[in-house]
Amino acid sequence: MGHLRGKLLPPALAIVFSMLLCGVALVISGANPLSAFGAMVTQVGKGSTLVDIVNSTGIYYIAALAVAIGFQMNLFNIGVEGQYRVAAVIAAVVGGSIALPPGIHTLVIIVVAALAGAAWAAIPAILKVTRGVNEVISTIMMNGLAIGLSAYLIRRDVFGELRGNNIRTAEIPESGWMPGISFGGGGTMFGFIFVAIALGVGYWVMMNKTRFGFELRASGESSTAASAGGVNAKKMVLVSMLLSGAIAGLISLPELLGRDHTFSLNFTAGIGFSGIAIALLGRNHPGGIAFGALLWAFLDKSGLALDNVGVPREIVTIMQGSIVLSVVVAYEVVRRFELAAEQRRVGRELGTVGGAA
Amino acid sequence: MSSSTSARTDDPPAVVLTGITKRFPGVVANSDVHLTVRRGEVHALCGENGAGKSTLMKILYGMQPPDEGTIEVNGEQVRFRTPSDAIKAGIGMVHQHFMLADNLTVQENVVLGAEALHGIGQKARKRIIELSGKTGLNVDPGVLVEQLGVADRQRVEILKVLYRGAKVIILDEPTAVLVPQEVNELFDTVRGMQEQGYTFLFISHKLDEVRAIADSVTVIRRGTTVGSADPKTVSSRQLAEMMVGSELPSPETRESTVTDKVVLDVRGLKLMTPDGSRPILDDVDLVVRSGEVVGIAGVEGNGQTELVETVMGMRKAGSGTITLLDADLTKLGTLARREAGIGYVPEDRHRHGLLLTQPLWYNRILGYQTRKPTSKGIWLDTDGAKKDTERIVADFDVRTPGIDVPAAALSGGNQQKLVVGRELSGDPKLLIASHPTRGVDVGAQALIWDEIKRARAAGLAVLLISADLDELIGLSDTIKVMLRGRLVADADPNTVTPEDLGSAMTGAGATSASVQETGTAHGTAVVEEGAN
Amino acid sequence: ACAKDSGGGSNNGSAGTGAACEFAEAPSAPATSNTSAANGDKVDASALKIGLAYDIGGRGDASFNDSAAAGLDKAIADMGVKKENTRELSAAPNEDESAKQTRLRQLASEGFNPIIGVGFAYAESLKVVAPEFPNVKFGLVDSAVEGATNVTPLLFAEQEGSFLAGVIAAYQSKKCHVGFVGGVEIPLIQKFEAGYVQGATTAAPKVKVEKKYITPAGDFTGFQDAPKGQEAAKGQIDKGADVIYQAAGASGKGIFSAAKQANALAIGVDSDQYNQATVADTKDVIVSSMLKRVDVAVYNFVKAVAKNDLASLPKVFDLKVNGVGYSTSGGKIDAKLQGILEGYKAQIIEGKIQVKDKP
Amino acid sequence: MITTMEEKPHVPAAPRKRKIPGWAVGVLGVAGAIVLLSTTSYMTGFPQLTSSGTTQTAVRLALPILLAGLGGLWAERAGVVNIGLEGMMIMGTWGAAWAGYQWGPWAAVVAAVVFGALGGLLHAIATVTFGVNHIVSGVAINLLGAGLTKYLSTLIFLPLSNNPRQSPPVTPFDTYSAAGFADWLGELEAGQRVFISDVAGILRGLVTGVSPLTMLAILLLPLSYYLLWRTRFGLRLRSVGENPHAADSLGVKVYFHKYVAVIVSGGLAGLGGAALVLNPGQLSYLEGQTGGRGYIGLAAMIFGNWRPGGLLGGAALFGYADGLQLRSGGETVLGLVYGVVILLGVIVVWQLVRRKWFSAAAAIVVAVLLYLLYVSLDEIPSEFVSYAPHMVTLAVLAVASQRLRMPAADGLVYRRG
Ligand SMILES: Nc1ncnc2c1ncn2[C@@H]1O[C@H](COP(=O)(O)OP(=O)(O)OP(=O)(O)O)[C@@H](O)[C@H]1O
Ligand SMILES: Nc1ncnc2c1ncn2[C@@H]1O[C@H](COP(=O)(O)OP(=O)(O)OP(=O)(O)O)[C@@H](O)[C@H]1O
Ligand SMILES: [Mg+2]
Ligand SMILES: [Mg+2]
């Protein structure tokens with residue numbers, strides 16, 4: 001029970017602290033924090049917000065999983081941002097240019113997206129393994145190039161088509177869509193959410209039950225001990241980067257298969273960076289990440305209500321930042337507190353068993 | 001001022017520790033420790049692994065605050081909040097694990113924190129060179145520490161202490177990594193400085209050394225002082241009994257179990273430095289038979305580490321073949337070599353042996369992630385791993401509150417027992433043991449020796465690397481001397497003495513009949529070295 | 001000797017040399033410039049609750065969001081719309097479709113009608129939301145939505161205005177060498193480029209035109225990186241261009257600055273930038289601005305809704321309806337040039353010149 | 001009894017030939033780069049490659065990157081990874097604008113440093129005092145920096161500029177030129193003589209239109225070097241990044257030095273923000289104006305092997321390639337491809353001399369591919385041109401041997417005891 005407390009107390013503390021902080025900021029700017037937070041909470045019940053939160057949670061969840069795989073072995077894959085962009089545009093191009101029976105079509109798009117993400121991640125991975133190039137730099141650079149590539153691919157004279165002032169890839173025919181669950185006015189939940197859940201379960205099983213997960217964790221913990229234990233460091237870098245890239249490739253599929261059916265200028269960017277924060281918030285644990293993704297999505301979507309009550313929406317970003325920071329601080333504080341308690345306990349035991357020692 | 005009137009007649013002791021208690025989560029490292037160190041003496045501290053020696057010394061050095069108890073230095077009660085307080089009081093410490101920044105130069109490491117004395121420039125450099133003579137360090141102060149061998153690092157550590165003008169010097173297991181000659185040099189330095197009025201606190205698991213250097217001995221057991229002894233009269237055996245209450249073990253294994261069956265056959269092994277300029281391993285030929293312990297003697301840095309890591313597949317050989325029981329391992333990776341039947345006790349358990357923040361049972365899987373009982377196919381078998389860890393904990397007397405504690409929470413000796421236990425599981429054909437008892441107390445040492453001997457009797461081939469020459473001579477059936485990447489001499493463990501071995505290791509040449517130079521005379525090696 | 005650089009122009013581009021253009025024969029100006037001025041009938045729109053959903057930047061962006069806001073303000077002033085009956089929301093960078101949908105739904109379900117989406121980014125969300133609120137009249141700036149009968153597209157012929165900007169550039173250039181700096185290479189901005197290039201080459205067939213976009217499609221930082229805009233413009237000036245037309249949002253500031261430092265000229269975009277506070281320090285280099293009257297479109301849309309006469313709105317806000325145009329503030333456009341411009345304008349309105357909307 | 005050992009038998013310790021001092025390596029590197037560029041410029045006929053305009057542009061574009069990277073250098077030398085540079089830079093931009101429109105450019109500089117340093121302080125509190133994972137804290141600070149400045153802008157700038165995303169204009173610095181010298185160089189450059197004109201062009205770019213902020217940044221680089229490598233404070237700071245336990249055991253105040261380093265780091269990143277705000281083309285705060293330059297600064301610092309000289313190289317490379325593509329577009333960038341081919345050629349020869357056949361072969365293959373690219377294209381598609389700096393950085397990293405060495409305790413959380 002104390003175990004559980006140690007896990008749940010910190011986030012709770014952190015959220016309270018962040019709300020206080022933002023409350024103060026709101027008061028300074030002359031707004032009423034209670035009405036602001038109230039608006040955010042009631043927003044959940046309005047229109048399709050609840051479903052939007054669920055959808056967005058799924059997307060963030062996939063992104064954070066992709067990041068977490070790299071983190072597990074101390075690989076800092078900042079490149080998720082670029083990987084999912086490249087995967088999205090390639091999957092959209094391929095999906096829009098083939099005709100296959102329903103189901104198979106969708107499956108092909110998913111596979112293509114995963115492969116494209118993995119391929120984009122393979123470049124920094126190979127550079128790291130063969131040339132020792134630091135993955136932080138190379139993935140930052142690859143993110144830039146990803147935008148270039150996607151811009152090139154949707155050029156009118158390449159795969160793009162003009163639509164008003166927008167430009168986009170050919171629409172994926174209905175056989176390639178993934179049906180969602182419609183709640184009428186409440187919006188439509190992406191079918192891909194279930195894939196996200198499956199990915200989370202798969203991630204948990206992989207990390208905790210398989211040899212590969214063991215090797216990944218061992219490499220992250222101590223690359224020297226892992227190599228003495230027969231773990232091939234280069235192979236692990238390669239495989240985990242590819243895996244991370246493949247999962248990153250799926251990030252945009254909920255929207256692509258469930259709503260947009262095309263890659264256009266309206267592409268949702270920035271999920272890869274949110275994924276970093278969420279993975280860290282969830283401490284690379286599939287459950288923790290789910291919580292982090294949900295929190296993130298809630299703040300994002302219900303934050304839209306702030307406009308209605310005349311409160312600057314930036315408060316949400318501040319809240320996200322302060323939650324990330326205060327959650328980890330809270331974990332540390334609670335840890336220290338428990339350590340001290342343990343020390344006192346030992347002291348007491350020494351007092352009673354002192355004679356025997 | 002007023003309180004010391006009574007002590008004025010006699011010199012106050014250099015250090016008095018009274019009633020020191022220190023608690024860590026789950027452990028009481030020190031409980032009511034009392035210790036008095038007279039000025040100008042070498043005072044030894046003995047105790048089992050995890051007895052609390054290092055902790056006590058860290059308290060004296062201001063690195064950790066005591067929960068209870070007082071410290072007096074030169075009769076004055078002091079309270080150290082940081083090491084700088086202790087340094088100001090004239091206390092210096094050489095840590096068991098080197099406290100050096102690899103990527104800084106010797107000079108930078110020495111002057112760090114004491115820049116006020118002579119700055120960080122030429123004056124400091126002069127002073128270091130001046131002091132170097134005292135410790136026998138003869139390297140350019142501008143050289144990076146990462147390029148130094150262990151003995152030189154040890155000297156840099158002592159230099160750091162001297163540079164600060166410490167009068168009380170703590171040496172925490174300084175000899176664990178030194179060969180006898182180097183130990184002698186160190187002891188000479190210590191004695192010389194003792195005459196100049198320095199006081200030493202000396203920790204070692206090698207009780208002969210303790211008796212050789214110390215003026216008085218304090219024994220610590222399970223965190224408390226259990227007594228003191230006069231090193232002139234006490235025997236190692238008695239000391240050990242005070243420490244653990246058991247008999248002093250010996251590594252001797254006279255009855256030979258060597259068979260004809262070749263287990264490991266290494267031929268023409270070559271390894272170059274990463275920049276390709278020099279060989280680290282030069283044409284090494286080595287055969288280990290079933291039931292045989294082959295010991296490799298050598299000053300650290302002569303290629304033993306690289307030999308072991310090349311045989312393990314952690315480094316890629318330039319040329320040569322490695323065969324294990326007719327299976328050619330040359331092209332295989334580390335995991336495949338392990339699966340072929342090699343067990344590996346690495347020289348640095350923290351770097352190569354353990355995942356420190358993971359529980360003990362998780363560490364059991366490392367290196368065995370493809371084999372029973374820790375895995376089934378691609379799946380881990382956590383139950384199997386846990387059960388087998390319980391077995392190791394019981395069989396190897398690993399002192400731990402449970403198998404779910406992180407490996408870091410164990411003291412060094414117990415960590416080592418866990419590693420040895422793991423590497424002897426899974427029925428290895430060959431065990432490569434690098435310094436298997438380094439930093440391990442006498443009790444644990446005996447246990448590890450016994451286990452190695454038992455496995456050897458059952459047909460295990462053992463390649464043993466050790467800086468502890470008694471251990472090497474006692475355990476080995478054959479000893480080979482390694483110098484500059486070559487196996488330059490064979491020694492007969494039945495007749496050779498540590499001193500003979502030591503001089504062969506340093507390249508001073510064979511001084512005894514029991515050390516035979518091998519085919520490629522090492523004189524040639526020297527010539528070639530010169531030609532490089 | 002280290003000397004302080006004087007206020008500007010000390011290092012004017014010495015690169016390319018050239019003489020002023022040889023111009024094609026310019027069409028003559030029509031006798032009367034028939035600007036279809038807003039007919040003065042009074043409309044009462046006080047019953048309307050108007051919602052505006054801006055694109056990234058929102059009110060105050062000194063660009064087309066602001067222009068839309070000006071239209072709303074005018075509607076409040078002229079047609080009796082009550083300030084408290086209006087609501088303005090704006091998009092955040094990197095938000096997804098559902099955020100846009102929620103914004104539109106929020107407005108619609110609170111009874112706002114009409115609702116105007118400012119920017120083509122709202123096209124996809126309106127496709128979803130508009131059918132959910134069939135009684136609400138939506139306006140959409142810069143895009144159309146197929147099949148949604150209650151969405152009125154408010155489209156502009158940016159290329160026509162840009163054509164005139166090209167003519168201005170050619171006539172203002174002393175070296176017959178002009179430049180175009182776009183913010184992000186998206187179709188909307190390419191319309192500006194296409195019209196500009198056509199205009200310049202029509203006026204002076206031998207003119208050299210430099211073109212550069214700060215970032216490609218998808219990287220929207222190109223609209224807010226003035227330092228990069230400055231360097232891009234400097235590059236063009238060093239190559240010899242001496243009039244630069246910018247369609248680069250907030251990066252435009254850097255382009256004006258580059259022009260000022262090198263004694264070159266610049267042409268603004270969207271609104272009359274000569275009178276804009278944010279670029280006041282460089283306004284003397286602004287010859288003219290290509291006007292895109294989002295304010296007019298918004299105002300007229302509100303008016304049409306109030307009169308329940310959406311059919312009266314033009315299909316495209318072009319030169320003919322003064323939906324696009326050019327500004328003359330600053331006095332650099334003399335009567336002669338104005339005459340030439342009116343001539344070209346008339347030809348475009350008459351259809352004698354077809355302006356391309358793709359480069 | 002004591003065997004004196006004349007020679008140390010420790011194998012890996014054999015004295016490495018490290019006779020060439022760091023500054024000489026730098027000089028050689030710069031000279032090599034100039035030779036490479038002027039050769040390329042000559043062979044491809046693109047004088048822009050070495051024109052003074054390009055150089056000036058490179059300086060202006062590299063400045064914020066350099067300052068952010070310098071910030072990264074300070075933090076990481078003390079063992080704190082600073083991925084929060086972007087956020088600190090954003091805080092700096094806001095501070096610079098806020099002070100700048102009221103009290104002029106110097107106030108802007110000071111305020112930017114203070115605001116950035118506040119970000120640094122937060123990072124230090126989180127990572128040093130609370131032992132938070134450095135990356136978590138950095139990511140959080142990036143979010144906070146963005147959120148806070150947006151919020152403050154709505155509060156403070158909106159009433160003044162009618163725009164919640166932009167500040168009122170700030171007064172710029174005057175710029176300075178070495179008048180006579182620059183003119184003479186200008187003549188040389190205009191002469192279009194091989195190499196001489198190239199060097200003159202580059203030099204002229206460096207001595208014209210220099211703002212005090214540029215000078216300050218250029219000074220900060222050697223100053224940082226001096227402080228970090230030549231003073232006792234610097235020694236302590238670096239020791240904390242290499243082995244905090246050792247430092248602590250010698251009485252070095254680990255937490256204090258980490259705090260100082262991270263706060264300075266934030267201040268420098270903030271100054272990078274000021275460089276953006278005070279850029280003559282900008283002269284105001286604009287939301288999103290940093291555009292990821294903090295990350296690029298971090299990359300430049302890693303590129304430069306955690307050293308000031310290398311960092312300068314990384315920032316210059318990035319600024320140069322970016323300036324080139326912005327000014328001259330696709331065909332000139334293609335010229336850079338040619339330059340890479342030449343560079344690879346040199347490497348092939350070098351690898352052949354060292355008898356590294358495999359590396360040589362790989363280099364030949366890449367060189368041939370790039371050469372084919374060069375001759376087959378007239379111009380690189382504009383979509384990729386914008387990312388020329390990214391491609392060049394990747395290419396250089398892939399080609400250059402990786403002897404990168406980060407501080408040994410970089411990114412590790414240190415707890416006393
Ligand atoms: N920082 C710490 N946190 C928790 N436990 C600790 C810490 N330091 C020491 N301990 C525990 O305190 C006990 C005493 O450790 P100490 O290092 O003093 O032993 P030692 O006598 O030096 O052993 P060895 O001979 O192995 O060096 C051990 O059980 C160890 O695990
Ligand atoms: N934070 C910690 N938590 C738990 N155990 C710790 C911690 N720090 C150190 N220890 C353990 O306490 C013991 C004492 O650490 P110390 O650094 O003094 O090494 P030592 O006792 O000299 O180690 P060794 O015997 O391995 O050479 C070690 O076994 C170490 O693993
Ligand atoms: Mg110890
Ligand atoms: Mg120990």
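Lettering follows sequence order; numbering is per chain, from 1.
Most heavy-atom pairs under 4.5 Å with chain D: of the set Val181(C), Asp225(C), Thr221(C), this distinction falls to Asp225(C).
Leu276(D) is listed as a side-chain neighbour of Pro227(C), based on a closest heavy-atom distance under 4.5 Å.
The distance from the CG atom of Asn162(D) to the CZ atom of Arg59(C) is 9.0 Å, given to the nearest 0.5 Å. Here the straight-line distance linking atom CD of Gln289(D) with atom NZ of Lys228(C) works out to 12.5 Å at 0.5 Å rounding.
With a 4.5 Å cut-off on non-hydrogen atoms, Tyr387(D) touches chain C through its side chain but not through its backbone. For a residue to count as touching a neighbouring chain, one of its non-hydrogen atoms must lie under 4.5 Å from one of that chain's; by this rule Asp66(C) does not touch chain D. If you measure heavy-atom distances from Glu185(C) to chain D, the contacts under 4.5 Å come from the side chain alone. Of the two parts of Asn279(D), only the side chain, counted from C-beta on, holds a non-hydrogen atom closer than 4.5 Å to a non-hydrogen atom of chain C. Of the two parts of Leu283(D), the backbone and the side chain both hold a non-hydrogen atom closer than 4.5 Å to a non-hydrogen atom of chain C.
Across every non-hydrogen atom of Gly281(D) and Ala226(C), the tightest pair is O-CB, 3.3 Å. In terms of heavy atoms, Pro280(D) sits closest to Gln261(C) at CB-NE2, 3.5 Å.
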key: CA sep, side-chain torsions, deciding dist, call: Lys234(C), Arg60(D), side chain to side chain contact (heavy atoms under 4.5 Å, CB included)   = CA-CA 12 Å; Lys234(C) 276 203 163 130; Arg60(D) 274 192 301 264; 3.2 Å; yes
task = Evaluate side chain to side chain contact (heavy atoms under 4.5 Å, CB included) for Lys253(C) paired with Gln166(D), printing each intermediate quantity in order.
result = CA-CA 12 Å; Lys253(C) 226 176 161 226; Gln166(D) 198 164 4; 4.0 Å; yes
request  = Step by step, work out the side chain to side chain contact (heavy atoms under 4.5 Å, CB included) result for Gln282(D) and Gln230(C).
outcome  = CA-CA 8 Å; Gln282(D) 176 70 65; Gln230(C) 172 181 249; over 6 Å; no
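Of all residues spanning residues 211-220 of chain C, those with a heavy atom less than 4.5 Å away from chain D's heavy atoms are Lys212(C), Ile214(C), Thr215(C), Pro216(C), Asp219(C), arranged by number.
With sequence neighbours left out, Arg327(D) forms a side-chain hydrogen bond (donor to acceptor under 3.5 Å, both in side chains) with Asp238(C), Thr57(D).
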